[in-house]
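In the text below, chain A, chain B and the rest are named by the order of the sequence lines, each starting its count at 1. What you see below is based on every heavy atom in this structure, not just the backbone, and it leaves out hydrogens, waters and symmetry mates.
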2 protein chains.
Amino acid sequence: MSLDARDVRILRSIAENDSTSPERIQEETNIPKSTVHYRIKNMKDRGVIKNDLFEIDFEKAGLGLTVISEVLAEFGEGYQEEVGKALAEIEGVNEVYFMMGDTDFIVISRLPSRDMVETLVEEFEAVDGIQRTSSKFVISSIKADESVGILRDYSEETLLNSHGLDETVEKIE
Amino acid sequence: MSLDARDVRILRSIAENDSTSPERIQEETNIPKSTVHYRIKNMKDRGVIKNDLFEIDFEKAGLGLTVISEVLAEFGEGYQEEVGKALAEIEGVNEVYFMMGDTDFIVISRLPSRDMVETLVEEFEAVDGIQRTSSKFVISSIKADESVGILRDYSEETLLNSHGLDETVEKIE
DNA sequence: TTTGAAAAACTTATTAC
DNA sequence: GTAATAAGTTTTTCAAA
């Protein structure tokens with residue numbers, strides 16, 4: 001099944017403190033660390049939590065330039081899949097979204113310097129089936145929540161409702 | 001200073017195996033785990049690594065709907081900052097990028113269901129200074145690397161060059 | 001900065017509720 | 001599912017190089 005109030009509380013505690021330590025979570029949530037561990041393991045088994053990661057500062061890691069591109073592809077039977085995969089394999093491409101509406105893609109890339117942008121665009125346009133591309137530089141990343149950190153962007157209520165739980169459930173405790 | 005060949009090797013080992021375990025990194029890189037730990041701590045101190053996180057499955061966490069929006073704002077003195085911050089505070093908004101070119105923003109939001117999209121768009125348009133918004137649904141996330149995972153998208157050479165290091169440096173070892 | 005060895009923390013297993 | 005405990009691992013700290 002999906003998440004319950006306790007799972008949500010644990011995930012939010014991780015998101016808000018940027019720490020996955022069971023002991024710290026116990027201190028904040030009053031859920032015993034053995035239970036915290038049981039819950040986290042459970043979420044890992046169900047695939048809700050995929051893996052441990054470090055969040056990095058892209059700029060300090062040498063990838064200070066972010067480019068967002070719109071890629072328009074030719075219409076065709078199941079074509080999107082192939083075009084999308086080809087875009088995903090280009091060096092520097094971190095995200096590829098296949099969008100509703102027109103047959104196009106939004107592509108987010110991070111690069112060390114402007115020199116590489118030209119190469120990137122050339123590689124986009126070399127992909128078979130590409131019709132038109134339009135790339136813009138990001139001046140500043142005003143917000144860039146990732147991974148479990150995105151849970152900070154929701155009220156506890158929203159997260160619970162999304163699993164069909166109302167506040168009654170939360171009040172069990 | 002920035003990253004050297006050893007830092008890059010450690011970060012890539014983490015990215016490629018989706019694991020931050022010093023012991024595993026030692027096995028893969030032959031760098032002793034206490035040294036691995038020292039390097040990671042060092043990168044944390046310098047802010048290259050920001051924090052420990054879990055990667056989550058957005059869909060399983062109840063946030064299966066991704067929306068990418070383009071927001072056009074009115075021109076104005078330092079206006080962008082305020083508009084950007086206001087957008088960032090809207091529930092469901094995970095990423096806000098201030099773009100070059102026209103005075104606009106790219107906003108990435110994740111939501112539990114379509115019901116909330118209307119609310120989202122209304123909230124966008126209620127922000128002072130907003131001129132026009134255009135939102136599209138993501139049909140599928142073909143690629144969605146995050147955090148340290150994005151380092152998989154680069155050759156070791158590119159990552160080293162971005163810190164002004166050539167292959168000579170790497171051959172020290 | 002690099003390590004090996006010691007201390008602390010985390011994970012797993014076991015049990016009882 | 002929850003939670004306590006104990007045993008086994010792993011991570012983190014620390015002192016020496």
Side-chain angles (χ1 to χ4, degrees), chain A residues 1-15 17-56 60 148 159-160 163-166 168-173, chain B residues 1-56 60-62 147-148 160 163-165 168-173:
Chain A
M1 260 296 295
S2 52
L3 305 181
D4 69 3
R6 234 172 178 184
D7 292 325
V8 168
R9 199 163 301 155
I10 291 168
L11 289 177
R12 279 174 67 84
S13 169
I14 293 167
N17 296 279
D18 292 321
S19 142
T20 59
S21 153
E23 200 153 65
R24 192 204 52 72
I25 297 169
Q26 158 167 303
E27 280 160 25
E28 192 180 285
T29 62
N30 287 319
I31 302 170
K33 61 182 173 188
S34 61
T35 305
V36 169
H37 182 267
Y38 171 83
R39 287 291 190 145
I40 290 176
K41 191 186 176 308
N42 209 274
M43 287 191 273
K44 282 184 176 171
D45 290 344
R46 286 181 293 156
V48 178
I49 294 174
K50 292 194 286 186
N51 34 50
D52 292 23
L53 278 185
F54 288 136
E55 197 172 353
I56 63 169
K60 287 181 181 156
V148 70
L159 293 173
L160 286 170
H163 293 277
L165 301 168
D166 56 26
T168 325
V169 177
E170 190 173 11
K171 280 173 190 153
I172 283 176
E173 193 169 337
Chain B
M1 259 296 293
S2 54
L3 305 182
D4 69 4
R6 228 170 183 185
D7 292 325
V8 168
R9 198 164 300 155
I10 290 167
L11 288 175
R12 280 176 66 85
S13 170
I14 293 167
E16 274 161 18
N17 297 278
D18 291 320
S19 145
T20 60
S21 157
E23 201 153 66
R24 190 203 53 70
I25 297 169
Q26 160 167 306
E27 280 160 24
E28 194 180 285
T29 62
N30 286 319
I31 303 169
K33 60 184 173 186
S34 58
T35 305
V36 169
H37 183 267
Y38 171 84
R39 288 290 190 143
I40 289 175
K41 189 184 178 309
N42 208 273
M43 287 192 272
K44 283 183 176 173
D45 291 343
R46 285 181 292 158
V48 178
I49 294 175
K50 292 194 286 188
N51 36 46
D52 291 26
L53 278 185
F54 286 136
E55 195 173 357
I56 63 169
K60 286 182 180 154
S147 311
V148 69
L160 287 171
H163 292 275
L165 301 169
T168 325
V169 177
E170 188 174 14
K171 282 176 188 149
I172 283 175
E173 197 170 335

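- Distances shown here put every side-chain N or O of B:His37 at or beyond 4.0 Å from the OP1 or OP2 atom of D:dT11.
- We find that CD1 of A:Ile40 is positioned 17 Å from P of C:dA9, with the value rounded to whole Å.
- A salt bridge does not link A:Asp7 with A:Arg12: every distance from a Lys NZ or Arg NE/NH1/NH2 to an Asp or Glu carboxylate oxygen is 4.0 Å or more.
- Computed from coordinates, the A:Arg9 CZ to D:dT2 P distance equals 12 Å when rounded to whole Å.
- Annotation for A:Ile31 and A:Val36: closest pair O-CG2, 3.4 Å, computed over non-hydrogen atoms.
- Atom pair A:Lys44:NZ and C:dC10:P shows a separation of 13 Å (rounding to whole Å applied).
- For B:Arg46 and C:dT1, the CZ to P distance is 7 Å, given to the nearest whole Å.
- Taking atom CZ on B:Arg24 and atom P on D:dT11, their separation rounds to 10 Å, with Å as the unit.
- In this structure, B:Asp52 pairs ionically with B:Lys44, as a charged nitrogen and a carboxylate oxygen lie closer than 4.0 Å.
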With B for base contact, S for sugar-phosphate-only contact and - for none (protein heavy atoms under 4.0 Å), nucleotides 2-8 of chain C reads BBB----
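- With rounding to whole Å, A:Lys41 atom NZ is found 16 Å from D:dT2 atom C1'.
- At whole-Å resolution of the value, CG in B:Asp45 and P in D:dT13 are 11 Å apart.
- Distance B:Glu27 CD to D:dT11 P: 10 Å, rounded to the nearest Å.
- For the residue pair A:Glu28 / A:Ser13, a side-chain donor-acceptor distance below 3.5 Å is found, with atom types taken as modelled.
- The existence of a salt bridge linking B:Asp18 and B:Arg24 is excluded, since no basic side-chain nitrogen approaches an acidic carboxylate oxygen closer than 4.0 Å.
- A donor-acceptor distance shorter than 3.5 angstrom exists from the side chain of A:His163 to the backbone of B:Ala61, with no hydrogens or angles considered.
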